[in-house]
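Single-structure report; data block below.
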Amino acid sequence: QVQLVQSGGGLVQAGGSLRLACSTSERTFSAYAMGWFRQPPGKEREFVAAVRWNRVGSKTADSVKGRFTISKDNDNRAIYLQMNSLKPEDTAVYYCAAATKGPWNAPLPDFEYNYWGQGTQVTVSL
């Protein structure tokens, strides 16, 4: 069982920045993809960004493109989400996730993300 541990998040004013981190202590960890999702208040969870774990490739949702950047550190089994120019509509609980089931060439948003972090609140005020 893979445990994903998140850190970061919090309260920030509009236009500010935050960085989220997600890692696992599982030394034999491997995945097809890892990503970030978010669930705004009263809404369904949505895809934010993802990166292929053992290959090159990433994808970012149109709503955050140019403001959010996903990165990975395979050696430390971690991913990060750098969030700049934050807007009030970015307010949500953010979750990291790992997809350990293929196919390996599935589009990043379409993987079956079967492991999830505990979630972290990001609140952007005016």
Side-chain angles (χ1 to χ4, degrees):
Q1 192 78 323
V2 175
Q3 185 176 21
L4 301 177
V5 178
Q6 298 178 221
S7 62
L11 174 64
V12 66
Q13 287 189 324
S17 298
L18 286 173
R19 186 182 191 229
L20 305 182
C22 172
S23 64
T24 177
S25 59
E26 176 59 52
R27 288 194 290 178
T28 60
F29 174 77
S30 184
Y32 288 101
M34 289 191 73
W36 292 97
F37 294 76
R38 68 185 182 185
Q39 186 164 17
K43 297 184 179 181
E44 294 188 353
R45 187 167 59 197
E46 61 186 24
F47 172 82
V48 176
V51 60
R52 296 190 187 277
W53 189 243
N54 291 316
R55 295 177 178 267
V56 174
S58 65
K59 183 171 179 63
T60 305
D62 289 344
S63 59
V64 303
K65 197 168 292 183
R67 301 187 297 120
F68 290 14
T69 303
I70 187 171
S71 60
K72 65 178 181 178
D73 181 345
N74 292 77
D75 291 340
N76 291 303
R77 301 177 299 278
I79 60 168
Y80 307 93
L81 186 68
Q82 179 65 43
M83 305 184 292
N84 298 328
S85 302
L86 282 159
K87 304 175 181 180
E89 52 262 44
D90 295 319
T91 294
V93 178
Y94 284 71
Y95 297 91
C96 71
T100 62
K101 299 178 182 179
W104 66 268
N105 58 343
L108 282 165
D110 297 343
F111 274 102
E112 180 187 344
Y113 289 88
N114 50 327
Y115 292 102
W116 293 84
Q118 79 274 20
T120 187
Q121 178 70 44
V122 170
T123 302
V124 185
S125 64
L126 287 169

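Residue numbers count from 1 along this sequence.
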At their closest point, which heavy atom of [X] faces which heavy atom of [Y], and how far apart are they?
| X | Y | answer |
| --- | --- | --- |
| Asn76 | Asp73 | ND2-OD2, 2.6 Å |
| Ala31 | Ala99 | CB-O, 3.4 Å |
| Ser85 | Ser17 | N-OG, 4.4 Å |

Listing request: all salt bridge (Lys or Arg N to Asp or Glu O under 4.0 Å) pairs with a residue in residues 42-56, at least two apart in sequence or in separate chains.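 Checked against salt bridge (Lys or Arg N to Asp or Glu O under 4.0 Å) - neighbours excluded - the pairs reaching residues 42-56 are Arg38-Glu46.
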Only distances under 3.5 Å count here; give the side-chain donor-acceptor pairs of residues 100-112 to other protein atoms, sequence neighbours excluded, each with its distance to 0.1 Å.
| from | atom 1 | to | atom 2 | distance (Å) |
| --- | --- | --- | --- | --- |
| Thr100 | OG1 | Asn114 | OD1 | 3.4 |
| Thr100 | OG1 | Asn114 | ND2 | 2.7 |

Scan residues 34-73 for pairs that pass disulfide (SG to SG under 2.5 Å), counting only residues two or more places apart or in two chains.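 Sorted result for residues 34-73: empty, none.
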Taking disulfide (SG to SG under 2.5 Å) as the cut-off, I'd like each qualifying pair that reaches into residues 12-126, sequence neighbours left out, listed once.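 Those involving residues 12-126 are Cys22-Cys96.
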Partner residues of Arg19 under the salt bridge (Lys or Arg N to Asp or Glu O under 4.0 Å) criterion, sequence neighbours left out: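 Scan of Arg19 (salt bridge (Lys or Arg N to Asp or Glu O under 4.0 Å), adjacent residues dropped) gives none.
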With sequence neighbours left out, what residues match Glu26 under salt bridge (Lys or Arg N to Asp or Glu O under 4.0 Å)?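 Counting only residues at least two positions away or on another chain, Glu26 forms no salt bridge (Lys or Arg N to Asp or Glu O under 4.0 Å).
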If the condition is side-chain hydrogen bond (donor to acceptor under 3.5 Å, both in side chains), which residues does [X] pass it with, not counting sequence neighbours?
| X | result |
| --- | --- |
| Asp62 | Lys65 |
| Ser125 | none |
| Tyr113 | none |
| Gln121 | Thr123 |

Would the number of heavy atoms belonging to other residues, nucleotides or ligands and lying under 6.0 Å from CD of Gln39 be above 12?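 Counting other residues, nucleotides and ligands, CD of Gln39 exceeds 12 neighbours.
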I'd like to know whether CD of Glu89 has more than 12 heavy-atom contacts from other residues, nucleotides or ligands below 6.0 angstrom.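 It does: Glu89 CD has more than 12 such atoms within range.
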Separation of Ser7 OG from Tyr80 OH (nearest 0.5 Å):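 Answer rounded to 0.5 Å: 8.5 Å.
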Quick check against the 3.5 Å criterion: does Thr24 have a side-chain atom that pairs as donor or acceptor with the backbone of Arg77?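 No, the answer is negative, given that no donor and acceptor are paired below the 3.5 Å cut-off.
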If you define the side chain from C-beta out and look only at heavy atoms, does anything of Thr69 sit under 4.5 Å from Thr60?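 The answer is no, as the side chains (C-beta and beyond) never meet within the 4.5 Å cut-off.
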Partner set under ring-ring contact (aromatic ring centres under 6.0 Å, His included) for Tyr95, not counting sequence neighbours: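 Testing Tyr95 for ring-ring contact (aromatic ring centres under 6.0 Å, His included), a comparison that skips the adjacent residues, returns none.
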Hydrophobic side-chain clustering at under 4.5 Å (ILVMFWY, transitive links): who's grouped with Leu86? Put none if nobody.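 Val2, Leu4, Val12, Leu18, Leu20, Phe29, Met34, Trp36, Val48, Val51, Trp53, Val64, Phe68, Ile70, Ile79, Leu81, Met83, Tyr94, Tyr115, Val122, Val124, all in the cluster of Leu86.
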